[in-house]
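Count residues from 1 along the sequence.
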Amino acid sequence: MEKGFVFLDEVLPGIRWDAKYATWDNFTGKPVDGYEVNRIVGTYELAAALRVVQEKAADLGYGLLLWDGYRPQRAVNRFVQWSEEPEDGRTKAKHYPNIDRADMIRKGYVATQSSHSRGGAVDLTLYRLDTGDLVPMGGDFDLMDVISHHDADGITKEETENRRLLRRIMESSGFQPYDCEWWHYTLKNEPYPDTYFDFPVSSDHVEVLSKIL
C-alpha cells in the first residue's frame with residue numbers, strides 16, 4: 001500500500017463497511033478494476049477525521065457504514081469506459097433509472113478524476129447502534145438521480161432530517177459535502193490535493209505485516 005494510507009477498519013474499531021466496487025453490487029454490475037479485496041482504504045488524515053465523526057455519531061446513538069474511500073484511478077477510468085458502452089439494462093433500474101449511462105459524467109455522477117483517488121473522500125451512511133438498522137436516507141448508495149441531491153424533493157421529512165444530521169456531523173468534523181450525492185464527503189484539507197493515486201486495494205501489505213510479526 002502507498003505510504004500514508006491505511007485500511008480504515010484497522011484504525012476505526014467498530015466501523016462497518018461494504019466496499020461496493022469490490023463486489024457485483026454496484027452500477028457496473030461486476031467488481032471494478034483495482035478493487036481486489038472488500039476493504040476500504042484512506043489516508044491517515046481521512047482516518048483521523050472519521051474517528052471524530054465516529055465519536056460524534058456514537059454520542060447520538062449512531063455508527064458509520066462505509067461504502068468507499070480511496071479509489072484507484074484505474075477504477076475511475078473503468079467507470080468512464082463503462083459509461084460509453086452500449087446499454088444492457090442490468091443495473092439501470094437500481095442505479096440510474098431516469099438518465100442514460102452516457103449522461104453520468106455530464107450530470108456529475110461520474111468524474112474523470114475523483115477526490116476518492118486522492119485519498120481524501122469517503123462514501124458513507126449512518127446506522128443505529130441499538131438495532132444495527134441503516135438510517136433511512138431516501139435513496140440508496142450510487143442512485144444517480146436528483147433524489148440523491150441534498151435537500152431533494154420527493155423524500156420524507158425523516159429522511160431529509162437524517163441527511164441533514166449526517167451533513168452536520170461531517171461538516172463539523174472537517175468534511176465538505178457534494179451537492180449531487182448525500183453520501184459523498186471530502187476532507188476540507190486534503191493531504192494530497194493534486195495527486196491521483198492508482199495503487200490497487202489489495203491485501204498485499206497485510207501479508208507483509210504478518211511476516212514481520
May I ask you to say whether [X] pairs ionically with [Y], meaning some side-chain N is under 4.0 Å from a carboxylate O?
X      : Y      : value
Arg78  : Glu85  : yes
Asp151 : Arg167 : no
Arg74  : Asp198 : yes

(message) Please evaluate residues Tyr96 and Glu87 with respect to the criterion side-chain hydrogen bond (donor to acceptor under 3.5 Å, both in side chains), reporting the C-alpha separation (whole Å), side-chain torsions for both, the decisive distance (0.1 Å), and the verdict.
(response) CA-CA 11 Å; Tyr96 54 106; Glu87 181 59 64; 2.8 Å; yes
I'd like to know if the side chain of [X] reaches the main chain of [Y], judged simply by a donor and an acceptor atom lying under 3.5 Å from each other, with no hydrogens or angles considered.
X      : Y      : answer
Gln54  : Pro13  : yes
Thr91  : Gly29  : no
Arg101 : Trp82  : yes
Ser202 : Glu36  : no
Asp100 : Ala102 : no
Ser117 : Arg71  : yes
Glu159 : Val135 : no

(request) Kindly determine whether Asp18 and Lys20 satisfy salt bridge (Lys or Arg N to Asp or Glu O under 4.0 Å), including the steps that lead there. (result) CA-CA 6 Å; Asp18 182 10; Lys20 291 295 189 182; 3.0 Å; yes
(message) Under the criterion side chain to side chain contact (heavy atoms under 4.5 Å, CB included), I'd like the reasoning laid out for Ile40 against Asp9: C-alpha separation, chi angles, the key distance, then a yes or no.
(response) CA-CA 7 Å; Ile40 295 179; Asp9 61 279; over 6 Å; no
(message) If I compare all heavy atoms of Ser173 with all of Ile169, which pair ends up nearest, and what's the gap?
(response) OG-O, 2.8 Å
(message) Apply side chain to side chain contact (heavy atoms under 4.5 Å, CB included) to residues Trp182 and Leu166 and explain how you reach the verdict.
(response) CA-CA 9 Å; Trp182 62 260; Leu166 176 60; 4.2 Å; yes
Might you confirm whether atom [atom1] of [X] has over 12 heavy atoms from other residues, nucleotides or ligands at distances under 6.0 Å?
X      : atom1 : value
Asn189 : CG    : no
Asp153 : CG    : no
Lys30  : NZ    : no
Arg128 : CZ    : no

(message) I'd like to know whether Leu66 forms a side chain to side chain contact (heavy atoms under 4.5 Å, CB included) with Leu8, so could you lay out the CA-CA distance, the side-chain angles of the two residues, the decisive distance to 0.1 Å, and finally the verdict.
(response) CA-CA 9 Å; Leu66 310 184; Leu8 295 179; 3.7 Å; yes
(message) Can you confirm whether the side chains of Tyr35 and Asp68 place a donor and an acceptor under 3.5 Å from each other?
(response) yes
(request) If the plane angle is over 60° it's perpendicular, under 30° parallel, otherwise tilted; pick one for Phe141 and Tyr21. (result) tilted
(request) For the pair Phe79 and Phe27, name the ring-plane relationship: parallel under 30°, tilted 30 to 60°, perpendicular over 60°. (result) tilted
Measuring from atom [atom1] of [X] to atom [atom2] of [Y], what distance do you get when rounded to the nearest 0.5 angstrom?
X     : Y      : atom1 : atom2 : result
Arg39 : Trp17  : CZ    : CH2   : 6.0 Å
Leu12 : Glu55  : CG    : CD    : 9.5 Å
Asn98 : Asp145 : CG    : CG    : 4.5 Å

(message) As a test of understanding, state which of Val52, Leu60, Val53 forms a side chain to side chain contact (heavy atoms under 4.5 Å, CB included) with Lys56.
(response) Val52
(request) Could you walk me through whether Asn77 and Gln81 pass the side-chain hydrogen bond (donor to acceptor under 3.5 Å, both in side chains) test, one step at a time? (result) CA-CA 6 Å; Asn77 296 343; Gln81 180 188 45; over 6 Å; no
(message) Using the side-chain hydrogen bond (donor to acceptor under 3.5 Å, both in side chains) criterion, which residues pair with Lys94? Sequence neighbours excluded.
(response) Asp25
(request) Following the transitive rule for hydrophobic clusters with a side-chain heavy-atom cut-off under 4.5 Å over Ile, Leu, Val, Met, Phe, Trp and Tyr, establish whether Met104 and Trp67 coincide in one cluster. (result) yes
(message) I want to know whether Phe199 and Phe5 have ring centres closer than 6.0 Å.
(response) yes
Using residues 120-127 as the side-chain source, report each donor-acceptor pair under 3.5 Å to any protein atom, sequence neighbours left out, with the distance given to one decimal.
| unit_1 | atom_1 | unit_2 | atom_2 | d |
| --- | --- | --- | --- | --- |
| Asp123 | OD1 | His116 | NE2 | 3.2 |
| Asp123 | OD1 | His184 | ND1 | 3.2 |
| Asp123 | OD2 | His116 | NE2 | 3.3 |

